[in-house]
Undergrad: 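Let me give you the structure first, and then I'll get to my questions.
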Amino acid sequence: MSSTDGYEQHPFLHQQVRDIVSRTEGELMAVTRQHYDDGRIIRIAHIRRTNGVEITTAVGNIERGSAPPQTAPQSTTTTTNHDRHQPRR
């Protein structure tokens, strides 16, 4: 096997995808080709999970994933004790 030989364009690049084999979801970072000595060319999908770990799988194993989880915007204001509401009794 030789080293990875190149990058390809793919319609899912930088979108959420799912590896149907492992059910892993993440962002499709790249699609590369690996050329083997016996003439085979394998297209590899590079998927970055939300924890930062990247996995690889065959391009044929990916499908569109679910949308990334929505998080509430972080507030930049601070509150002091006298600004808080007292609980009802």
Side-chain angles (χ1 to χ4, degrees):
M1 175 179 88
S2 63
S3 63
T4 301
D5 191 41
Y7 290 88
E8 292 185 6
Q9 293 297 313
H10 193 280
F12 297 168
L13 275 176
H14 305 293
Q15 295 182 25
Q16 286 294 115
V17 296
R18 178 182 304 109
D19 173 16
I20 61 174
V21 175
S22 68
R23 301 197 193 295
T24 298
E25 289 199 27
E27 180 181 349
L28 180 62
M29 303 304 294
V31 173
T32 58
R33 294 180 303 275
Q34 287 185 334
H35 292 256
Y36 289 81
D37 294 335
D38 63 3
R40 292 178 298 139
I41 299 173
I42 306 295
R43 296 173 65 223
I44 305 293
H46 300 260
I47 301 169
R48 181 176 293 159
R49 299 180 340 190
T50 55
N51 65 2
V53 174
E54 287 195 17
I55 66 160
T56 59
T57 189
V59 170
N61 290 342
I62 63 171
E63 64 185 14
R64 283 194 194 275
S66 59
Q70 297 294 318
T71 57
Q74 297 278 335
S75 174
T76 57
T77 60
T78 57
T79 58
T80 59
N81 287 336
H82 66 274
D83 291 336
R84 295 186 184 153
H85 296 284
Q86 295 296 321
R88 291 185 192 182
R89 296 183 188 238

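What you are looking at is a predicted structure, and each value in this text was computed from that prediction instead of being measured. Note that the numbering runs from 1 along the sequence shown for the chain.
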Undergrad: Quick one: do Gln16 and Glu27 satisfy side chain to side chain contact (heavy atoms under 4.5 Å, CB included)? Show the steps, please.
TA: CA-CA 5 Å; Gln16 286 294 115; Glu27 180 181 349; 4.2 Å; yes
Undergrad: For the atom pair OG1 (Thr56) and CE (Met29), what is the distance rounded to the nearest 0.5 Å?
TA: 14.0 Å
Undergrad: Look at the side chain of Gln15 and the backbone N and O of Arg64, then say whether any donor-acceptor pair between them is shorter than 3.5 Å.
TA: no
Undergrad: Is any NZ, NE, NH1 or NH2 atom of the basic residue among Glu63 and Arg18 found under 4.0 Å from an Asp or Glu carboxylate oxygen of the other?
TA: yes
Undergrad: What is the minimum heavy-atom distance between Val59 and Ala45, and which atoms define it?
TA: CG2-N, 3.8 Å
Undergrad: Name the residue from His46, Arg49, Arg48 that meets the side chain to side chain donor-acceptor pair (under 3.5 Å) definition with Glu54.
TA: Arg48
Undergrad: Mind checking the CG-CG spacing from Asp19 to Asn61? Nearest 0.5 Å is all I need.
TA: 5.5 Å
Undergrad: Quick check: closest heavy atoms across Glu8 and Leu13, and the distance to 0.1 Å?
TA: O-CD1, 4.1 Å
Undergrad: Under 4.5 Å between side-chain heavy atoms, counting indirect links through other Ile/Leu/Val/Met/Phe/Trp/Tyr residues: same cluster for Ile55 and Phe12 or not?
TA: yes
Undergrad: How long is the straight-line distance from CD1 of Ile44 back to CD of Gln34, given to the nearest 0.5 Å?
TA: 4.5 Å
Undergrad: Counting C-beta onward and ignoring hydrogens, is there a side-chain heavy-atom pair between Ile62 and His10 closer than 4.5 Å?
TA: yes
